[in-house]
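Bear in mind the structure is a predicted one, so any value in this text is a computation, not a measurement. Chain letters run A, B, ... following the sequence lines, proteins first, then strands; residues in each count from 1.
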Amino acid sequence: MTSQTNPSDALAGQAPPDDPTYGEIVWGQFVKRKEAVGSLLGLALLLLLAIYAPLLASNKPFLWQVDGEGLSSPWLKALFDRNFFENGVDIFFNTLLVVVTLVGPVVGAVFWKTRHSSRKPRNRSRRRALLAAGALFMVVWTGVTLFPQQSQKVVYPRLEQSLQEEGKAVMAVYAPIPFSSRDGDLDMVRLPVSLKHFLGTDNSGRDVFTRLVFGTRISLTIGVFAVALYITFGTFMGALAGFYGGWVDMAIQRVIEVVICIPSLFLILTVASFIEERSIFHIMIIIAAVAWTSPARLVRAEFLRLRNLDFVAAARAAGYRESTIIFKEILPNALGPVLVAATFGVARAILTESTMSFLGLGDITVPSWGQILNTGRGTGIWVMILAPGFAIFLTVGLLNLMGEGVRDALDPKLRK
Amino acid sequence: MALLEVDGLKTHFFTDKGQLPSVDGVSFTIDAGETVGIVGESGCGKSVTAMSILRLIPEPPGRIVGGEIRFEGRDLTRLPMDELRKVRGNDISVIFQEPMTSLNPVYTVGDQIMEAILLHQPVEEEEARRIALAMLERVGIPAPEQRIDEYPHQMSGGMKQRVMIAMALSCKPKLLIADEPTTALDVTIQAQILELLQELQREEGMGVMLITHDLGVVAETCDRVVVLYAGRVAETATAIDLFDRPTHPYTAGLLQSIPDRASPGARLFTIDGMVPSPDKFPSGCRFRDRCTRATEACADMPPLHDLGGGHKVWCHHPLTAAESAALSPGGEH
């Protein structure tokens with residue numbers, strides 16, 4: 001009798017070779033929404049802006065030549081210069097700039113070429129391309145971090161001026177906006193809006209537009225990393241609570257309740273004021289410390305549902321370790337709601353950082369949008385307040401739109 | 001020596017209602033190559049017994065409080081966890097009732113079978129995939145090369161159960177525990193799956209513990225039967241003996257309740273009442289509240305009647321040979 005297949009099995013046997021996977025179904029739902037796709041594109045543009053910020057604004061010339069000899073590129077040298085880009089975030093993004101420029105086209109080509117092939121080989125070659133890119137990034141980044149390069153600080157526009165006064169022929173090609181986000185010029189304090197300074201300059205004579213562009217890096221980093229940090233921790237705690245139940249659940253739940261009880265803004269401000277030299281990494285940790293409870297509760301609820309399903313019992317019966325069951329068998333099934341929470345979380349983290357910076361409890365050495373807002377407030381020039389406010393509004397709005405798109409795409413009831 | 005010897009197994013649950021004796025002194029054996037049916041109504045302790053064998057009872061609230069489970073001479077109740085994990089899925093496999101939820105929705109069926117193989121066998125991924133393909137082929141899945149990369153949601157219930165069987169058998173277990181493997185499937189698929197199980201059992205020579213409440217399934221597939229009631233063995237016999245000569249009033253009741261034995265239009269026979277919940281088990285014979293033959297004597301523990309040939313009954317008032325004969329299918333037709 002086993003040789004005969006029953007009709008329904010035979011029918012199912014004729015299914016097309018590539019039925020959509022869960023991910024493909026969700027993606028299909030996501031791209032159906034205009035605002036979701038729009039927000040994703042907008043965020044992609046913001047990311048590109050963050051990566052290629054030095055190409056848009058830098059006071060290091062791309063090309064530099066004095067009296068027709070010694071052609072050099074101070075811009076390229078400065079990319080990994082710790083005196084110019086003091087901050088780890090900038091080094092990170094500059095590495096990204098180099099890697100994306102070098103490998104991006106290759107990865108893109110692989111994706112484009114495999115778009116019609118069937119799932120297995122496509123995924124394999126795509127994964128390989130991404131892994132190679134990731135590996136290259138890690139190599140460059142580790143190298144740059146381990147062997148910091150520090151050259152003398154040169155203000156090229158000034159140097160150019162004085163050289164020209166000496167009567168030397170200087171050839172210098174600058175970025176469209178020849179200013180640094182960090183180096184101020186005390187001769188140019190609080191300049192009004194002009195064609196040279198799109199948004200004027202602040203109290204230290206720094207070009208506000210440049211700072212705004214570089215602020216994209218800071219704000220996106222804070223959003224993404226803080227969220228990655230607390231999603232990881234919260235998911236872990238929620239998974240333990242939901243899987244083991246009993247006293248483990250009891251303990252974790254009580255901790256969560258205590259954290260939730262404390263008004264997070266006050267906790268953040270209190271903790272921040274105790275840290276002497278706040279870097280944005282402190283800020284991320286503080287944000288993560290109060291926000292991990294919501295993914296923890298989401299994951300816990302999912303685990304409570306999933307742990308009673310037969311596939312968990314089957315995994316146990318097959319002899320899997322508990323850690324394998326928790327993280328490999330159950331966790332991937334519990335991540336849907338976490339993804340939605342993460343998208344909204346990035347927006348919230350950016351807002352929190354802006355709030356802290358605005359209240360003077362941020363990292364004053366970085367041009368985050370909250371910092372720009374705060375310094376702008378000191379100038380009393382309205383564009384300097386409005387511009388960073390608008391940047392925050394735009395990013396948070398895009399992230400929320402995308403979060404809604406992800407949420408709707410994951411909701412099977414909304415599928416048509 | 002039997003492959004599996006369950007000896008006086010007691011699995012109790014510790015809850016707010018107190019200590020619930022869900023399984024209370026169950027003993028039976030399974031030999032290699034033998035199919036033993038565990039029969040009883042819902043709530044009589046069939047699944048708890050099966051899950052106790054691999055210590056899959058959630059703890060707390062459950063705990064094995066007594067008895068031994070000897071598998072190839074080793075007591076599984078006292079085995080350290082890492083030793084037990086090597087038994088699970090490798091020496092003893094389980095097939096669950098609900099194929100719809102028994103496969104992990106986020107992995108392809110091939111990945112899931114390969115994972116199980118890689119866990120227990122010293123093979124490379126390529127080889128594991130080959131084994132997985134062969135297993136899918138053997139359990140009668142059409143176009144296995146294509147099916148192996150599919151996700152569970154792309155398959156019908158019958159197909160999923162076949163995949164479950166493929167996974168359970170991929171490490172060539174010596175004992176297969178099938179917990180109502182066909183209950184969730186429709187009738188034609190049920191027959192196919194049972195036939196498949198029997199066929200594979202014959203080829204592999206493994207012992208099978210088949211848990212079911214369907215006496216039709218028992219008649220078709222089992223060599224021996226253990227009838228459980230309220231956490232205790234009521235009667236155990238070869239399948240032929242059991243249907244020929246049901247001796248415990250409960251077994252008799254179960255046999256009488258098979259629908260196709262009633263003539264058209266006649267009311268179906270039922271055993272009045274339900275299996276009491278473990279906190280309300282009566283003393284002595286636990287069946288006495290529902291038994292038509294019960295007397296005051298039944299308040300004491302029922303005695304064992306050994307009818308020979310492995311046919312054992314625990315009852316104060318077992319059916320006589322004549323009464324059994326009137327009930328058995330042979331006696332009626």
Counting only heavy atoms not in [X], do more than 12 fall under 6.0 Å of its [atom1]?
X        : atom1 : result
A:Arg305 : CZ    : yes
A:Phe236 : CZ    : no
A:Arg348 : CZ    : no
B:Glu203 : CD    : yes
A:Arg321 : CZ    : no
A:Arg297 : CZ    : no

If you count heavy-atom pairs under 4.5 Å with chain A, which of [options] comes out on top?
options                              : value
B:Val94, B:Leu119, B:Ile177          : B:Leu119
B:Ala116, B:Pro105, B:Pro58, B:Ser93 : B:Pro105
B:Thr101, B:Asp82, B:Leu56           : B:Thr101

Notebook entry, point to check: How long is the span from the CZ atom in B:Arg85 to the CZ atom in A:Arg316, to the nearest 0.5 Å?
Noted result: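 These two atoms lie 11.0 Å from each other.
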
Checklist line | Between CG on residue B:Leu103 and CG on residue A:Asp310, distance to nearest 0.5 Å | finding: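 One gets 10.0 Å once the value is rounded to the nearest 0.5 Å.
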
Item checked: Which atom of A:Ala314 lies closest to which atom of B:Ser102, heavy atoms considered ->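 That would be CB-O, 3.9 Å.
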
Item checked: Side-chain donor/acceptor of B:His120 to backbone N/O of A:Ala318, under 3.5 Å ->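 Looks like yes, one N/O pair under 3.5 Å.
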
Check: In terms of heavy-atom proximity below 4.5 Å to chain A, should B:Ile92 be classed as side chain, backbone, both, or neither?
Finding: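 Looking at B:Ile92, just its backbone touches chain A.
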
Checklist line | Passing option when B:Val106 is tested against A:Leu331, A:Ile330, A:Asn333 for side-chain contact (heavy atoms from CB on, under 4.5 Å) | finding: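 Among A:Leu331, A:Ile330, A:Asn333, the one meeting side-chain contact (heavy atoms from CB on, under 4.5 Å) with B:Val106 is A:Asn333.
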
Check: So do A:Phe311 and B:Gln112 actually touch side chain to side chain, heavy atoms under 4.5 Å?
Finding: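 Not in contact.
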
Notebook entry, point to check: Hey, does A:Tyr320 have a side-chain heavy atom less than 4.5 Å from the side chain of B:Glu115?
Noted result: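 Yes. Closest side-chain heavy atoms under 4.5 Å.
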
